[in-house]
Amino acid sequence: MSENLLIVNGNELISDAFYKTPAFTNSEGVFVNGVYGGIFKLISILKTSEYKALSISFSEECGNERLKPQILKFKEIIEAKGQGEIPVTKELLESLENALKDLSPSGEVKGASFDMTLKVTSDLNEVEALFETKSDRAAFYFLTDIGDFLGLGISFDGSNVTYIPVENFITADYLGKKLSILSERMSLCSFDIKESYKYFEPSEFANRTYGYKDEDVSGNKCFDVLIGAYLINPLKNDYEPWDVAKEYLKLTLPKRADLFGKEPLANADIKVLSEYASKIAYICFNAEPLIRAKLAKTGMERLMYNIEMPLSYILYSMEKEGIIVKRDELKAYGDKLLVRIDELEKAIYEAAGIEFNINSPKQLGEILFEKLGLPAEKKTKSGYSTAADVLEKLAPEHKIVADILEYRGLTKLKSTYADGLAAYIADDNRIHTSFNQTITATGRISSTEPNLQNIPMRTELGRLIRKVFVPKDGYVFADADYSQIELRILAHMSEDKGLIEAYHEGKDIHRITASKVFHVPFEEVTSLQRRNAKAVNFGIVYGISAFGLSQDLSISAHEAKEYMEKYFETYPGVKKYQEDVIASTKAKGYSETMFGRRRPVPELKASNFNLRQFGERVAMNAPIQGTAADIMKIAMIDVFFKLKELSLKSKLILQIHDELVIETAPDEVDTVTKLLVEEMEKAVTLSVPMEVDCHIGSDWYEAK
DNA sequence: GCGATCAGCGG
DNA sequence: GACTCGCTGATCGCC
């Protein structure tokens, strides 16, 4: 018997594999190369030998902080199979192989392949018959190219895939309608499903008139593989179908760019197109159950089914509505800037005694610090820093500096906003941004092409750009924003008595904080004290360091540290909360929002000090930012479907993190204002009141 | 034509 | 390995 027993030192096995296997993380961002390599070796030994039983021992010692969690993970996996001598059975081998799959290496696993039969058809009878297929679910991929729908890949069983080109009477509308009808009797799955809503409206949204519901989970609903994969690993950027295939199915799919390059898809061979679309449908069908299971296991079902999926439909609707931008006024604004830019340009050349490219930090640095001999303070990788904070300190030294700063500000407005936005105004005089749901690590939405979430606000001249954003004729904007949502969430999550009380007093929170931190009566707080308190509040919310705060306030790191310490003396609950949250994040490997959204923080276990500090700030910050994002998403769902329930003409068109903009019909102003404030405030109940401010205006400048 | 670098906007 | 992040625009060196 003893000759048939394989005795393994678990620590050595994993340690050995750890150093031999290139480092990679699993889908949750946790390093698992050692576990992977170890199990791989174990399987190959067991398969090529006659051992009848297996015994693995572990010792407590392990000094390597990166290695230790991997040994523990391996121990966990092994102990789930049994204690002491574990019989080597077929089941054991299978479960080890499954464990290997779960670890999701970045490399490929042998043996996996497409098991797909592809059929291409344009025959109406065949297509009609196809949509009568009996199944409880289907996966599809609507192949698009610059807004044109080229064809549909669809599968009802995960092995037979049909590709239907959009041609003749089989139009995109027709196929979309077929999908809509199909969604009444089965769950449909796709990748980046928002892109198919132009033609396809899932029945659960077509008829929906209620907002967010806690208990609504799952059922026969649409499922987006991309969003699911993002929730499980929000750190990965640019999820392509290819990545999901590799991560969940160990399959290799050529990237879109590799297949088609930059050629328009319409020019591509039908065979290549059909294979590409069909493979994505195949991937979706087969990855869906794995992703659903993982979401269930990680407690993110509500997030997926009740928040993100309805949200993707809403984001589509907002993109489609768009926002009117007055072309001529934007042009006039740009021309006005140009006059002053030209003046400044001349003045700068004269002061420098030479014409050069002011927009080139390299040339500007040479002029300022070499030709004019100004004191160079900070350096960048490739030369002098000419950043605004550096120049501001130099302003008294030479009159050219102020002009450069003004020039910078104006050219920024001109190029990014005046000219930049103009390029996106469509034929309907509206800008249709893209809201991206699967980019940020914390759960926030992002906006691109153009980014409408960073329209100037802080300076008056910049802010004026908002005047060109207008509602349609006769309508107005209703603009509602949460007042200090992150700080309120911090108060709630930290349960800090002082902070909670401060919010119940309903007075200026930064002033209260300053009063407490600097031990002065509320009325006697100076504007500088208030500004400092506000900066600390801000820093806490955005997870910046004492160093970052010192940069922000232009004070020494020492002073900044003192402010932070005073802040923590004032709100000890916040300090305690942050310590607890770092500890639990370190233990779990991820941080969590109130709604269970996760953010892996592998940096917390790093040996590099800076990296670990970064991890700590992320761990403190992600639950706050992420919870704010969750709450806003819930509010959007509530608001959107409330508008629909009441059959209002007013439309939700923008989201800027803590702010919503509704293009509002004149006869609906009162209803919409009340609805916005109510739904946003009641999206969640915290131990502090939620406060929403709503303004009405005939343009975005006025409404804000 | 492309990617790296610097700069600056918002929440 | 730096100090928030995501986005965009201008420049510049590289192929």
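Predicted, not measured: the structure shown is a model, and the values here were computed from it.
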Rounded to whole Å, please give me the gap between [atom1] in [X] and [atom2] in [N].
{"X": "A/Asp389", "N": "B/dA7", "atom1": "CG", "atom2": "P", "value": "9 Å"}
{"X": "A/Ile631", "N": "B/dG11", "atom1": "CD1", "atom2": "C1'", "value": "15 Å"}
{"X": "A/Asn537", "N": "B/dG11", "atom1": "CG", "atom2": "P", "value": "17 Å"}
{"X": "A/Gln551", "N": "B/dA7", "atom1": "CD", "atom2": "C1'", "value": "15 Å"}
{"X": "A/Asn359", "N": "B/dA7", "atom1": "CG", "atom2": "C1'", "value": "10 Å"}
{"X": "A/Arg612", "N": "C/dA2", "atom1": "CZ", "atom2": "C1'", "value": "15 Å"}
{"X": "A/Phe538", "N": "B/dG11", "atom1": "CZ", "atom2": "P", "value": "10 Å"}
{"X": "A/Ile540", "N": "C/dT4", "atom1": "CD1", "atom2": "P", "value": "14 Å"}

Of all the choices, [options], which nucleotide is nearest to the side chain of [X] once you look at every atom?
{"X": "A/Met457", "options": "C/dC3, B/dG11, C/dT11", "answer": "B/dG11"}
{"X": "A/Asn608", "options": "B/dT5, C/dG1, B/dG11", "answer": "C/dG1"}
{"X": "A/Pro456", "options": "B/dG11, B/dG10, B/dC6", "answer": "B/dG10"}
{"X": "A/Ser382", "options": "B/dA7, B/dC6, C/dT4", "answer": "B/dC6"}
{"X": "A/Phe614", "options": "C/dC5, B/dA7, B/dG11", "answer": "C/dC5"}
{"X": "A/Ser415", "options": "B/dG11, B/dG8, C/dA10", "answer": "C/dA10"}
{"X": "A/Tyr542", "options": "C/dT4, C/dG9, B/dT5", "answer": "C/dT4"}
{"X": "A/Ser545", "options": "C/dA2, B/dG11, C/dC3", "answer": "C/dC3"}
{"X": "A/Ala388", "options": "C/dC5, B/dG8, C/dT11", "answer": "B/dG8"}
{"X": "A/Leu611", "options": "C/dT4, C/dA2, C/dT11", "answer": "C/dA2"}

Look at all strands and tell whether [X] reaches a base, only sugar-phosphate, or nothing, counting heavy atoms closer than 4.0 Å.
{"X": "A/Thr411", "result": "nothing"}
{"X": "A/Arg408", "result": "sugar-phosphate"}
{"X": "A/Asn357", "result": "sugar-phosphate"}
{"X": "A/Gln363", "result": "sugar-phosphate"}

When you measure from the side chain of [X] to the backbone N and O of [Y], does any donor-acceptor pair fall under 3.5 Å?
{"X": "A/Asp145", "Y": "A/Leu265", "answer": "yes"}
{"X": "A/Thr433", "Y": "A/Pro450", "answer": "yes"}
{"X": "A/His432", "Y": "A/Glu319", "answer": "yes"}
{"X": "A/Arg612", "Y": "A/Leu604", "answer": "no"}
{"X": "A/Lys414", "Y": "A/Tyr333", "answer": "no"}

Phosphate-side-chain proximity, A/Asn610 and C/dC3, N/O vs OP1/OP2 below 4.0 Å: no
Short side-chain N/O contact to C/dC7 OP1/OP2 from A/Thr416, under 4.0 Å: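 The answer is no; no side-chain N or O of A/Thr416 sits under 4.0 Å from OP1 or OP2.
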A/Ser483 and A/Asp693: side chain donor to acceptor below 3.5 Å: no
A/Asn532 and A/Tyr563: side chain donor to acceptor below 3.5 Å: yes
For the residue pair [X] and [Y], would you count it as a cation-pi contact if the rule is NZ or CZ under 6.0 angstrom from the ring centre and within 45 degrees of the ring axis?
{"X": "A/Lys236", "Y": "A/Tyr230", "result": "no"}
{"X": "A/Arg599", "Y": "A/Tyr590", "result": "no"}
{"X": "A/Lys194", "Y": "A/Tyr316", "result": "no"}

Contact list for DNA chain C against residues 431-454 of chain A - heavy-atom distance below 4.0 Å: A/Ile439, A/Thr440, A/Ala441, A/Ser446, A/Ser447, A/Thr448, A/Glu449, A/Asn451, A/Asn454
For DNA chain C, the dot-bracket pattern of Watson-Crick and G-U pairs whose distances stay under 3.5 Å, | for other-strand partners: ....||||||||||.
Presence of donor-acceptor pair under 3.5 Å, side chain of A/Arg458 and base of B/dG11: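 Per atom types, the contact qualifies.
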Same-atom distance (P) from C/dG1 to B/dA7, integer angstrom: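 To the nearest whole Å, 22 Å.
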Euclidean distance for C1', C/dA2 against B/dT5 (whole angstrom):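 It works out to 15 Å between them.
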Face-to-face contact A/Phe547 to C/dC3 six-ring, under 5.5 Å, under 30°: yes
Whether A/Tyr542 and A/Phe538 hold their rings parallel, tilted or perpendicular, with breakpoints at 30° and 60°: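 Geometry flag for A/Phe538 against A/Tyr542: tilted rings.
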Ionic contact status for A/Arg430 with A/Glu663, cut-off 4.0 Å: yes
